[in-house]
Undergrad: 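I have a structure here, written as structure tokens, and I will follow up with some questions on it.
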Amino acid sequence: MTINEEKYAAIKRELENNKVTLIAVSKTKPVEDIQILYKLGQRDFGENYVQELVDKEARLPKDIRWHFIGHLQSNKVKYIAPFVHLIHGVDSFKLLNEINKQALKNQRVIDVLLQVHIAQEETKFGMNEEELNLAITEFENLKMANVRIVGLMGMASFSDDMDKVRGEFHYLKTIFDRYAKLPIANTSTNAQCQLPILSMGMSSDYKIAIEEGSNMVRIGSLLFGERNYQ
Ligand SMILES: *Cc1c(COP(=O)(O)O)cnc(C)c1O
């Protein structure tokens, strides 16, 4: 058992003081570890792999809010659509469309974050500023009554250069501020979609992310210990 309960309590306090939501990233970790944090009151958990998430959801309490934080393939949306609370990494119309379709089948509305590419590495997914602007301005014409865009998500470079990381978060916050207060009329539901959530920051950089304006952090290894992928 590698759960660091004291660390959890300390991080929880720190985040509450800053009004930041904690997503406990439990990918690759057993359900027993999740149950420990659940008993301590944690309800928001993040997973990266569809099959793993589906298995865990079936075995754990139904009041857990499951966040899908990995790269989601369109053909797998159907497996998580019945229960997922928030999908963090949406970076294409194709995916948005599929989420809407599967949400409709399940007679629910699924909340999503648009992922913005902020890191210098090629491997990180996400939209550039232009694509993001198109997604947001076109959204109301698409009549997707079963999907709501509720914020932005970004991942900084894996780097020891904390100035660089800070700069990337700062850049995302600037973009976020531009859209945060912009109401997007969802013509089909007549509901107002807004972007209150800014999901940025992980174990290594969450403090910087909060200083730069994050209000949702995704923390794995600090809580659950290092991951073993073997
Ligand atoms: C794995 C992962 C995290 C958590 O990473 P840690 O460094 O263990 O905190 C956060 N966000 C995303 C998108 C991830 O894939």
Side-chain angles (χ1 to χ4, degrees), residues 1-12 14-15 18 20-30 33-34 36-37 42-54 56 64-73 76-77 80 84-92 95 99 111-127 150-162 164-166 168-169 172-173 176 197-230:
M1 214 143 295
T2 47
I3 299 290
N4 189 337
E5 297 194 23
E6 279 168 30
K7 188 83 194 171
Y8 172 72
I11 290 176
K12 193 77 195 143
E14 181 185 5
L15 297 184
N18 288 289
V20 175
T21 302
L22 170 63
I23 312 303
V25 177
S26 46
K27 63 185 175 202
T28 79
K29 299 296 176 180
D33 285 2
I34 296 175
I36 293 172
L37 286 193
Q42 181 65 25
R43 290 295 178 273
D44 291 279
F45 290 90
E47 291 282 340
N48 284 51
Y49 310 103
V50 168
Q51 189 56 53
E52 185 180 347
L53 172 53
V54 169
K56 285 173 171 171
I64 287 180
R65 294 182 288 271
W66 291 106
H67 296 248
F68 191 84
I69 63 170
H71 186 69
L72 183 57
Q73 289 170 296
K76 294 196 171 165
V77 173
I80 62 171
V84 71
H85 176 69
L86 180 62
I87 299 175
H88 286 232
V90 175
D91 61 0
S92 71
L95 185 54
I99 293 168
D111 287 348
V112 306
L113 305 179
L114 297 179
Q115 183 167 1
V116 185
H117 184 270
I118 59 170
Q120 283 175 355
E121 288 124 73
E122 289 281 324
T123 52
K124 296 268 166 67
F125 297 101
M127 299 176 174
V150 296
L152 304 181
M153 178 266 206
M155 289 173 83
S157 299
F158 283 115
S159 169
D160 294 333
D161 181 351
M162 286 303 154
K164 180 174 165 186
V165 168
R166 183 181 295 279
E168 292 170 357
F169 286 147
L172 181 53
K173 177 63 160 59
F176 175 74
I197 298 176
L198 180 56
S199 168
M200 62 180 194
M202 320 184 1
S203 291
S204 59
D205 56 23
Y206 80 93
K207 283 176 193 283
I208 297 175
I210 292 169
E211 283 167 13
E212 294 302 328
S214 168
N215 57 31
M216 182 175 276
V217 295
R218 310 172 309 269
I219 299 183
S221 43
L222 264 189
L223 300 172
F224 292 98
E226 293 299 322
R227 285 179 294 276
N228 181 353
Y229 280 102
Q230 266 109 64

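All ligand and atom numbering here is 1-based and tracks the order in the structure. Only this structure's heavy atoms are used, side chains among them; waters, hydrogens and symmetry mates stay out.
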Undergrad: With heavy-atom distances below 4.0 Å as the criterion, list the atoms of ligand 1 near Ile219.
TA: 9 (O)

Undergrad: Distance to 0.1 Å, residue and atom name: give those for the protein heavy atom nearest to atom 5 (O) of ligand 1.
TA: Met202 CE, 3.5 Å

Undergrad: Please state which protein non-hydrogen atom is closest to atom 12 (C) of ligand 1 and give its distance, to 0.1 Å?
TA: Ile69 CD1, 3.5 Å

Undergrad: Does ligand 1 have an atom that lies less than 4.0 angstrom from a heavy atom of Asn48?
TA: yes

Undergrad: Of all the atoms in ligand 1, which lie at a distance below 4.0 Å from a heavy atom belonging to Met155?
TA: 13 (C)

Undergrad: Given His67, which partner from the list Asn48, Thr21, Asp44, Asp111 fulfils the side chain to side chain donor-acceptor pair (under 3.5 Å) test?
TA: Asp44

Undergrad: Among all protein heavy atoms, pick the one closest to atom 11 (N) of ligand 1 and tell me residue, atom and distance.
TA: Arg218 NE, 2.8 Å

Undergrad: Verify, without hydrogens or angle tests, whether Ser157 (side chain) and Ser159 (backbone) share a donor-acceptor contact under 3.5 angstrom.
TA: no

Undergrad: Within the distance-only criterion (no hydrogens, no angle test), does the side chain of Gln115 pair as donor or acceptor with the backbone N or O of Phe125 below 3.5 angstrom?
TA: yes

Undergrad: Below 4.0 Å from any atom of ligand 1, is there a heavy atom belonging to Arg227?
TA: yes

Undergrad: Has the side chain of Ser26 got a donor or acceptor atom that lies under 3.5 Å from a matching backbone atom of Lys29?
TA: no

Undergrad: To which protein heavy atom is atom 9 (O) of ligand 1 closest, and what is the distance rounded to 0.1 Å?
TA: Ser203 OG, 2.5 Å

Undergrad: Among all protein non-hydrogen atoms, which one is nearest to atom 14 (C) of ligand 1, and what is the separation to 0.1 Å?
TA: Lys27 NZ, 3.0 Å

Undergrad: Can you tell me if Asp205 uses its side chain to pair, donor with acceptor, with the backbone of Met202 under 3.5 Å?
TA: yes

Undergrad: As an exercise, identify every atom of ligand 1 less than 4.0 angstrom from a heavy atom of Gly220.
TA: 4 (C), 6 (P), 8 (O), 9 (O)

Undergrad: Give a yes or no answer on whether the side chain of Asn215 reaches the backbone of Leu198 with a donor-acceptor pair at less than 3.5 Å.
TA: yes

Undergrad: Establish, from distance only, whether the side-chain atoms of Ser221 and Arg227 form a donor-acceptor pair under 3.5 Å.
TA: no

